[in-house]
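Some notes on the structure that comes next.
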Amino acid sequence: MKRHILTVVLLVILGYWSVAILATDGYFPMHDDTQVGRVVAMGKALRNGQFPVRWVSDLGYGYGYPIFNFYGPLPYYFGGLLYALGVPALTATKIMFGTGLILSAITMYALMSLWGKLAGLVGGVFYLYAPYHAVDVYVRGAVGEYWAMAFLPLVLLGGILFFRRRWKAGVTVGAMGIAGVVLSHTILGYITVAACIAGLGLWIFPAVRSKKIRTSVLLPLVMIAAGLGLSAFFWMPALFEMHFTSVTGQVGGSADFRFHFVCIEQLWESGWGFGGSAPGCADGMSYRLGKLHVIVALISLVILMIRGKKSGKAGLIFVVITLSSLFFLLPVSSVLWERLPFFSFVQYPWRFLTFTILGISAFVAM
């Protein structure tokens, strides 16, 4: 751990420009501009001794609102705790914003440092400075989504530790990653758990052939179960009380996934804007992967193909994550969106950019 401290400090310094604007006076406009109010509501609930926080009294036009029963509470526990301890509401909110960003670089470093400090540094910087990260923070204000991005590398790290026969560490780190994603963003939590189960399903047959059921199947199942167990205080009430709300009203109309696929050219060039998502290719916000990210990713992909088996299973996993997530954000995947269970609740196919930049940042750094 000590040998990584200086590199992590360097990574944080390199991340300064991603959060520098947060240190200026005032606030900035974003799609979801209720963040300060949520931090205050959470802080008051914590100050009053409520935990876990499910219902807050100050929202819902004074009638109260069960926001944290359904909306990922983890970032707001952090910001709300700061407010409860006396930090001004706006400052607490900005610290919450900045922490989610820098934490994503650190967790990506933790993942890629398995291949050395330089790999960790490159992976952390690429992940942090992916354009979609900035869209989430400074355009959408999607706090839960980019906090979930900070825990996704831990899910991968847990899986790779299994490959390296570090069973206990794999279960612990992977479970923390899954719990962090679920508690930060309900929808990304669903996708992540579903992807883990699907990946495990594909791995069962070779595991049976090699007679490594315990280490190859049972322990990853324990990791998933532990992650769901750590976050059960949130997702179980949300699941069983969902019928008391109009959740189904969130999957139609302007939030219909059919209107929000990404045009492939937008991944290369998509003008920066502060508008929203719209049908077709004339969206008001950017879906670009980043030209540097794309160019380096293509070079890295060629190198991985040349190296073949020397790249190991991890390289293949990172590429599969990148390509499969790209597939799900393009119109060609619409047939699966129509058939996969609960996929309509994902609402926006471009959410899969989260996993695309995760995969790209990982295999670029190998």
Side-chain angles (χ1 to χ4, degrees), residues 1-23 74-75 77-79 81-82 85 87 91-130 133-134 136-137 143 146-181 183-184 223 226-227 230 290 292-293 296 300 312 314-315 317-318 354 357-366:
M1 181 65 72
K2 290 182 179 180
R3 62 191 179 92
H4 293 288
I5 291 177
L6 290 178
T7 316
V8 171
V9 170
L10 175 59
L11 180 61
V12 172
I13 293 172
L14 291 173
Y16 165 78
W17 292 274
S18 70
V19 297
I21 191 65
L22 297 173
L74 184 57
Y77 278 125
F78 180 80
L81 180 60
L82 292 175
L85 293 174
V87 178
T91 303
T93 303
K94 288 185 173 183
I95 293 174
M96 177 182 73
F97 271 57
T99 300
L101 274 170
I102 298 301
L103 183 60
S104 67
I106 294 173
T107 54
M108 179 57 80
Y109 174 84
L111 169 63
M112 299 314 300
S113 64
L114 293 175
W115 287 270
K117 294 179 182 178
L118 180 59
L121 193 62
V122 171
V125 170
F126 264 73
Y127 195 44
L128 178 61
Y129 283 102
H133 234 142
D136 260 359
V137 181
V143 175
Y146 70 81
W147 266 69
M149 291 167 67
F151 289 96
L152 285 173
L154 297 183
V155 180
L156 286 178
L157 178 56
I160 292 171
L161 288 174
F162 282 130
F163 288 132
R164 299 195 173 193
R165 301 180 182 277
R166 295 168 61 181
W167 318 119
K168 291 182 179 179
V171 170
T172 302
V173 173
M176 290 175 58
I178 290 173
V181 175
L183 291 173
S184 296
M223 179 190 79
L230 288 170
L292 180 62
H293 285 68
V296 178
S300 300
I317 291 172
F318 298 151
T354 297
I357 65 173
L358 172 72
I360 285 179
S361 301
F363 78 75
V364 157
M366 286 189 67

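Sequence positions, counted from 1, serve as the residue numbers for this chain.
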Exercise. To the nearest 0.5 angstrom, please state how far the CG atom of L22 sits from the OG1 atom of T99.
Key: 9.5 Å
Exercise. Would you sort out whether L183 and F151 count as a side-chain contact (heavy atoms from CB on, under 4.5 Å), showing the intermediate values?
Key: CA-CA 10 Å; L183 291 173; F151 289 96; over 6 Å; no
Exercise. Apply side-chain contact (heavy atoms from CB on, under 4.5 Å) to the pair L10 and L6, showing each step before the final yes or no.
Key: CA-CA 6 Å; L10 175 59; L6 290 178; over 6 Å; no
Quiz item: With a cut-off of 6.0 Å (strictly less than), are more than 12 heavy atoms of other residues, nucleotides or ligands near CD1 of I21?
Solution: no
Quiz item: When rounded to the nearest 0.5 angstrom, what is the spacing between CG in L121 and CE in M112?
Solution: 12.0 Å
Quiz item: How close do A179 and G227 get, heavy atom to heavy atom, and via which atoms?
Solution: CB-O, 3.5 Å
Self-check item: Any donor-acceptor pair under 3.5 Å from Y127 side chain to M149 backbone
Solution: yes
Quiz item: Checking side-chain contact (heavy atoms from CB on, under 4.5 Å) for the pair V173/M223: CA distance, chi angles, key distance, verdict?
Solution: CA-CA 8 Å; V173 173; M223 179 190 79; over 6 Å; no
Exercise. For residues T354 and L152, report the shortest heavy-atom separation together with the two atoms involved.
Key: CG2-CD1, 3.5 Å
Exercise. Output yes when a side-chain donor or acceptor of S113 lies under 3.5 Å from a complementary backbone atom of A110, and no otherwise.
Key: yes
Quiz item: Rounded to the nearest 0.5 Å, how far does CD1 of I160 lie from CH2 of W115?
Solution: 3.5 Å
Quiz item: CG/L14 to CG/L128 distance, rounded to the nearest 0.5 angstrom?
Solution: 9.5 Å
Self-check item: Closest heavy-atom pair and its distance - P75, V143
Solution: CB-CG1, 3.5 Å
Quiz item: Out of curiosity, M108 CE to I357 CD1, how far, rounded to the nearest 0.5 Å?
Solution: 8.0 Å
Quiz prompt | Side chain proximity check, F126 to V296, heavy atoms < 4.5 angstrom | solution = yes
Quiz prompt | Test item: H293 side-chain N/O and S361 main-chain N/O as donor-acceptor pair under 3.5 Å | solution = no
Quiz item: Considering all heavy atoms of both residues, which atom of F162 and which atom of W167 are nearest to each other, and what is their separation?
Solution: O-CZ3, 3.0 Å
Exercise. Taking all non-hydrogen atoms of both residues into account, name the closest pair between G79 and A92 and its distance.
Key: O-CB, 3.7 Å
Quiz item: A226 and A175: which non-hydrogen atoms are nearest, and at how many Å?
Solution: CB-CB, 3.7 Å
Quiz item: Going by heavy atoms in the side chains, are S18 and I102 under 4.5 Å from each other?
Solution: yes
Exercise. Return yes if some donor-acceptor pair links the side-chain N/O of W147 with the main-chain N/O of M96 below 3.5 Å, else return no.
Key: yes
Quiz item: Okay, side chain of S184, backbone of L74: is any donor-acceptor separation there less than 3.5 Å?
Solution: no
Quiz item: Can you tell me how far CG of L156 sits from CG of L161, rounded to the nearest 0.5 angstrom?
Solution: 11.0 Å
Quiz prompt | side-chain contact (heavy atoms from CB on, under 4.5 Å) between L157 and L114, worked out | solution = CA-CA 9 Å; L157 178 56; L114 293 175; 3.4 Å; yes
Quiz item: Does K117 reach the main-chain N or O of R3 with its side chain, forming a donor-acceptor pair under 3.5 Å?
Solution: yes
